[in-house]
Undergrad: 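Just dropping this structure here.
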There are 2 protein chains.
Amino acid sequence: MPNKPSTIKDIAKMLNISVSTVSKALHNHPNIGAITKERVLSTAKQLNYIPNKTAIHFKQQKTFTLGIIVPTLLDHFYTIAVDGFEKVASNAKYTVLIGQNQESFQREKELVSVMQSNRIDGLLIAISKETDNLDHLRRLEQSGIPVLFFARKPINEVYTCISSDVYRAAKDAVDLFVSRNHRRIAFINGPSHWTTSRDRYLGYRDGLLKNKLPIVKDLIRESDLSTPNNYKALRELMQLPNPPSAILLFKDYLMLDVMTCLRTEFPAYYPSTELIGYGALPLFSHFEHPPLASLKEQPFEIGAKAGSLLLEWIDHPQQERKPQLISLPCKLTLF
Amino acid sequence: MPNKPSTIKDIAKMLNISVSTVSKALHNHPNIGAITKERVLSTAKQLNYIPNKTAIHFKQQKTFTLGIIVPTLLDHFYTIAVDGFEKVASNAKYTVLIGQNQESFQREKELVSVMQSNRIDGLLIAISKETDNLDHLRRLEQSGIPVLFFARKPINEVYTCISSDVYRAAKDAVDLFVSRNHRRIAFINGPSHWTTSRDRYLGYRDGLLKNKLPIVKDLIRESDLSTPNNYKALRELMQLPNPPSAILLFKDYLMLDVMTCLRTEFPAYYPSTELIGYGALPLFSHFEHPPLASLKEQPFEIGAKAGSLLLEWIDHPQQERKPQLISLPCKLTLF
DNA sequence: TTGTAGGCGTTATCAC
DNA sequence: GTGATAACGCCTACAA
C-alpha cells in the first residue's frame, strides 16, 4: 500500500506550526529561528518529504525544464550534443526533455506542442528533413519561450543557430585533397535548403578556386541522407566517364554508405578513392581501411554552448536578442 | 513582447460563460449544448489556447509521464529500447523523460530523485554498472511509483525484469561454433553480479556440456565493458599456451574492441579467430571482415513490452504484481 | 519570528 | 445545460 508523498502541510501539522513557516524553513529563509528550522528539516527527512515539482511549476509559472529536439539519437552527433546540453542544464538545476522528430515534420509539430503544453522554458532544436515551415516554432516564441536552432536551419529564416564552421572545414578538406595530388574532387552534399549545406558547398567551391581548380557540375551531387540516395549519388559519380579520385561528403554516416557501395560495387576504385566526411565517428577506429580523414565536429561543445545561451535568454527575457550564426571550429582529423 | 498563454478563463470571459462550461466543452462533456461547444472550440483556436499541463498534472496528481533511465544513449541497444518505449507511451498519450546514468551510481540516484520530484507515473531502468544498492528505487516503489527493470538486474534482487533470452542464445552460439569444428571456445562475460551475465554463462556452459566439451576455466574471462578491460581480457586469452579459436562475447561493443585488439596485436589470429557477440549492430554491414555472427536482440520490442507492462501497472495500481523475469528471444544472425 | 490568506489553471461536485 | 465553488501543494506579500 503506497503511502502518498508527504507535503509541507504534513510537516506543519506534525509540528503544530504553519505551512508558511515550514516553507520558509525549507528554503533557508533568513527570519526563521534556528530551532524551528532544525525541527522542520528533521521532520522533513523523517517523513521522506520530497517537494512536489508539479505544484512548484504550476505556482511559479516556470518549469525549470528545457526541451531539445533532434532528428534521431541513433546519430551520435546528436546524442553527444544532448550530453553537452544536459550537462549545462543540470548544472543550472534544469531538467531536459528530449524528443526525436525522426525526420518527420508531423512528429516534430507534435513534440513541440507537447513541450509547449508542458511549459518548457526554452527549446533547442535541429529541425527534421521535412520541416519547411516554422510556424510551430514561431508560436513558441510568441508565447515567450525562446527557440534556438542548431546544426540545421533553413536558409531563408532569420534565427540564431549554433553549428560547426563547415565552410572553413570544407576548404581545409579540399586543401588536403589537393596536396595529395587529387584534381577531380567530388562533393556529395546534403539537403540544399539548409545553411549548413550551402556553407559546405561554398567552402568546397572556394577551396577549389583557391587551388585554381575548376568547379565541375557533374562532380557535385546531393543526397537526402537516406541510404538509397547515398548509393545513388555515388553511383552517378563513379559512372562518369572520368570518375573522381576523391570525394568530400556531407557527413560520416553518408560516408559509411559510400564506402560500402564503393567496396561492393566499384572494387577497382576501392580503397584508392580517398574520402573525407564530417563527424569523425569513433567507430572508424575499428575499421581496417578507415577513410582518409574526417572533419571532427564538436557536438558536446555545441550542445553546451546552446544550453548556456538558452539559459541566458531565459534569465534575461527582456533583453533583445538579435539573430546570429554561431559556429564552432571543426578539426581535420586523419585516420 | 510575449503574450502569456491563454487560459480557459480567457475563453470564458470572452464568451461571457463560466470556466466550468468551457472546461466541459473542451472535453466533449455530454451535457454541453452543440452551439456552446462550437463557440468554445472556435474561440480556443482563435486564442491559440494550449492546455497548461503543469496545472493539469498538479490537479490530477498524475503527470502522464514515464521515466526511462539507461546507461548511455551512445549504445544503440538502449537508444532503440527508448524508441520502443516512447512509441507505446506516446500512443497512450504519455510523455517520456529520458535519463542517462552514464554508469554512475551517484548520477542515477540524482536522476531518480529528479524524476520522483517531477512525479513520474512509472519508471523503466537499466541500472548503472556501479549500482549495488536499490534503496533509491525502493523509495520510488514505496511512494506508489512502479519500477520495472530491463537488461540489467542484480542477481539477488527480486524484481520484474525484461531482457533477452541470453541463455538460449549462448547455447545456440556454442552449437554454431561446434558445428564449425571449434573445440576451444572462449567466453568473455560482463559484470558477474547481473542476472544477464549469469544467464549467458549458464548458456555457454550448458552448450559446451551438450556438445561434450569441457568447461575450461582459463577460457572464461570477465570485463566491466570498458575498453582497457576488454583488451585485457582478450590479451589474457590469446597469451594462453593454446589460445581459443572462437570466442563468445557479452556484447557487440565489447566485440568491436576485441576485433581491433586482435587485428592490431595478434594479426596471426585475425581474422581466423571466429567471434560471436550480442546485439547485431547494423554497423557491421559496413565491415570488410565482419564477425562470424551476432545474437540479435530485440531492443525495440523490449522497450515496447516494458512500456505496455508499466502502463498496465499504472492503470491497475491495486492489483498485486508478482516479480517475474520476462525474456524475448534472440536470433543468431550470420554476417 | 511566525501566521494568514490569496492565487496559480484546471477539474469535479453539486446546485440551479 | 450551465454556473459557482472547492481543491490540488506551494509560495509570498502582508499582518500580527
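Just so we're on the same page: letters track the sequence lines, and every chain starts at 1.
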Undergrad: C/dT4, OP1 or OP2 - any side-chain N/O from A/Ser18 closer than 4.0 Å?
TA: no
Undergrad: Which whole-number value in Å describes the distance from A/His57 NE2 to C/dG7 P?
TA: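 To the nearest whole Å, that distance equals 23 Å.
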Undergrad: Is it the case that the base of D/dC8 and the side chain of B/Lys59 share a donor-acceptor contact (distance under 3.5 Å, atom types as modelled)?
TA: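 Between D/dC8 and B/Lys59, which were checked side chain against base, a qualifying N/O pair under 3.5 Å is absent.
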Undergrad: Does B/Phe64 have any ring-ring contact (aromatic ring centres under 6.0 Å, His included) partners at least two apart in sequence or in another chain, and if so, which?
TA: B/Tyr94
Undergrad: Anything under 3.5 Å between a protein N or O and an N or O of nucleotides 13-16 of chain C, put it in a table, one pair a line.
TA:
none

Undergrad: Nearest whole angstrom, please: distance from the C1' of D/dA15 to the CG of A/Asn31.
TA: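 After rounding, the gap between these two atoms is 13 Å.
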Undergrad: Under 4.0 Å between a side-chain N/O of A/Thr36 and OP1 or OP2 of C/dT2, yes or no?
TA: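 Checking A/Thr36 against C/dT2: at least one side-chain N or O falls below 4.0 Å of OP1 or OP2.
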Undergrad: Using a 4.0 Å heavy-atom cut-off, does B/Ile56 contact any base of the nucleic acid, only the sugar-phosphate backbone, or nothing at all?
TA: sugar-phosphate
Undergrad: Please work out which of the three classes, parallel, tilted or perpendicular, describes the rings of B/Tyr78 and B/Phe150, given edges at 30° and 60°.
TA: perpendicular
Undergrad: Tell me: CG of A/Leu15 to P of C/dG3, nearest whole Å?
TA: 10 Å
Undergrad: Return yes if a side-chain donor-acceptor contact under 3.5 Å exists between A/Ser128 and A/Thr131, otherwise no.
TA: yes
Undergrad: Would you indicate, yes or no, if C/dG9 has its OP1 or OP2 atom less than 4.0 angstrom from a side-chain nitrogen or oxygen of A/Gln61?
TA: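 For C/dG9, OP1/OP2 do have a side-chain N/O of A/Gln61 under 4.0 Å.
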Undergrad: Considering non-hydrogen atoms only, spot the tightest contact between B/Lys153 and B/Cys161 and give its length.
TA: CD-CB, 3.7 Å
Undergrad: Tell me the interatomic distance from A/Ile8, atom CD1, to C/dG3, atom P, rounded to whole angstroms.
TA: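 So the two atoms are 13 Å apart, to the nearest Å.
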Undergrad: Tell me whether B/Phe58 and D/dC8 count as stacked here, given that the ring centres must be under 5.5 Å apart and the planes must differ by less than 30 degrees.
TA: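 Yes, aromatic ring over the base.
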Undergrad: Specify the separation, in whole Å, of atom CZ of A/Arg119 and atom P of C/dC8.
TA: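 Those two atoms, CZ and P, are 14 Å apart.
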Undergrad: With a non-hydrogen cut-off below 4.0 angstrom, is B/Thr7 in contact with a base, only sugar-phosphate, or nothing?
TA: sugar-phosphate
Undergrad: Tell me which residues in residues 44-55 of chain B lie within less than 4.0 Å of DNA chain C, going by non-hydrogen atoms.
TA: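 Heavy-atom cutoff 4.0 Å gives B/Tyr49, B/Pro51, B/Asn52, B/Ala55.
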Undergrad: Between A/Thr21 and C/dG3, is there a contact of a side-chain N or O with OP1 or OP2 at under 4.0 Å?
TA: yes
Undergrad: Would B/Val88 and B/Leu311 count as a side-chain contact (heavy atoms from CB on, under 4.5 Å) here? Give the steps.
TA: CA-CA 9 Å; B/Val88 169; B/Leu311 288 174; 3.8 Å; yes
